[in-house]
Amino acid sequence: MTLPSIKGDAIAAFPAERQKATVVTLPPAVSRRFDITALATRLAQSIVPPLVVLLVLLAVWQVAFSGPGSSLPPPSEIWNESSDLILDPFFVNGTQDIGLGWRVIVSLERVAIGFGLAAVAGVLLGALVGQSVWMMRGLDPIFQVLRTVPPLAWLPISLAAFMDSRPSAIFVIFITAIWPVIINTAAGVRNIPEDYRNVARVLRLNQVEFFFKIMVPAAAPYIFSGLRIGAGLSWLAIVAAEMLTGGVGIGFFIWDAWNSSRLTDIIVALVYIGLVGFLLDRLVGFVGVIVTRGAAAS
Amino acid sequence: MSAYLKLDYIGKSFSRGGKVSEVLRDIRLTIDEGEFVSIIGHSGCGKSTLLNLVAGLTPVSSGAVLLENREVNAPGPDRAVVFQNHSLLPWLSVYDNVALAVTKVFRGRKSKAERHAWIMENLDLVQMAHAADKRPGEISGGMKQRVGIARALAMEPKILLLDEPFGALDALTRAHLQDQMMDIHARLGNTMIMITHDVDEAVLLSDRIVMMTNGPAATIGEVLEVPLPRPRERLALASDRTYLRCREAVLKFLYERHRFVEAAA
């Protein structure tokens, strides 16, 4: 499709006044790849406020709990007594005397197994519930009741079933994380546009092809918001589960520290748990953004 | 000779909450191989429902759809659909959208290299080969519709069903795609059924125009032959007497005899 080019005389039909245009010289473009000052400003804008608030909070805490009869240790005492835990997360001084980094890794491993199983089972069950009205009517009430059961309430029964603390802790993670995955996946599957279903029907995609080629990508944004909630919940549950099952996880560390009255260690562990939970949430969110990049734009 | 596609007294009713509403009644139509047929009517008259019945996406309530004397009652790639809103899968590239169809239809019949060549050939046909690696979100509405057409053509359908394929496009893009559609029809000789509400589009593209009465219980009001020789030229036809007569006939049907009446609520 080529357009007929406009001839010179056609242009001449519009006699433009010929004026000398004034030439404005622009300043030479600054072509530095990384503008250090701008980067530093942006960094400062996002880091300075939380730092200031943190320092203020620490100061208030220090003042409030410095009295001789205070029940909790002030920040200075935490630093004095537990700086080894803060400074070196990966020391090994014996089987039970290891850095908090190692303990977090052990806990994360359990979470990875339990949450991984929950993700796979949750997506499959969610797809089933989202796809079939009959299944939804049958399973949804059960899900709605079971999902309100607190994670730790599952522990005794899983201990009885598995006769071992390790799989029991993993089961608790699994059963905690699976509900949001199921419910979100089902919602995502129910919201697959009718057009995509029609495309699949015209192409005669079978169930497996439909699942992988249409359902999972189309429902991916929903699935990942379910996974993100599930990851958060499983991190909540692992600490509680480990407190009761023992081992070397971060949860058991807190219980152990409580039993030997090391309050400062507990506070350090809390900070660890918070930071790891935060990173875990961001990680799942980040993976979700990467994976669902295509599905969002239609 | 028996008809290629035969709609034999098709009727369709939907029931919701115990209330049955009849949308289509006694649709009788035969379409020959290679024919281009447009279905025109006011909105809500069941045009799209009729197309979905032929596609097999909706089951018929009565009557039957016969393709080469065999009843069809489920969707399949022999009746490829170009959807009104393109329906490309946004997470796949243009190439992969077509490849999904080609792989499914030709697996076992064409080698990988042949399938690749076939995908590119079809993208080339709609002049979209240059954007093969783009995602649907990165191309314009007209381009998406072209890819949708390529995907449908790539299935090598017996019948191509077009559901207001150019309805959502601007007038210039629409004209361009109509020309391409005529070109494709001339080259491949596919049987095509197109839903439209654009009188000029119907006259320009079709061998026959099927005009629907208003619903409920809509049926075929009239079938108009368009005896214009092909290839047809948009500009030359603008003042052609046959063209104008056909156009007038459709307009009269739509606006005089079957004026669109707002359904009483």
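Values reported hereafter were calculated over all heavy atoms of this structure, with side chains retained and with hydrogens, waters and symmetry mates removed.
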Qualifying residue, where the test is side-chain contact (heavy atoms from CB on, under 4.5 Å) with A:Met215 and the options are A:Val189, A:Leu205, A:Ile223:
A:Val189
Determine whether the side chains of A:Arg190 and A:Gln131 contain a donor N or O and an acceptor N or O closer than 3.5 Å.
no
Option in B:Asn85, B:Asp78, B:Val81 with maximal non-hydrogen atom pairs under 4.5 Å from chain A
B:Asn85
Please step through side chain to side chain donor-acceptor pair (under 3.5 Å) for the pair B:Tyr95 and B:Asp133, ending with a clear verdict.
CA-CA 6 Å; B:Tyr95 180 91; B:Asp133 295 326; over 6 Å; no
Residues 45-57 of chain B side chain polar contacts: donor-acceptor under 3.5 Å, at least two apart:
| from | atom 1 | to | atom 2 | distance (Å) |
| --- | --- | --- | --- | --- |
| B:Lys47 | NZ | B:Gly41 | O | 2.9 |
| B:Lys47 | NZ | B:His42 | O | 3.4 |
| B:Ser48 | OG | B:Asp163 | OD1 | 3.2 |

Examine whether an atom of B:Leu88 lies under 4.5 Å from a heavy atom of chain A, and if so say whether it belongs to the side chain, the backbone or both; otherwise answer neither.
backbone
Residue, of B:Pro157, B:Ser87, B:Ser93, that accumulates the most heavy atom pairs under 4.5 Å with chain A
B:Ser87
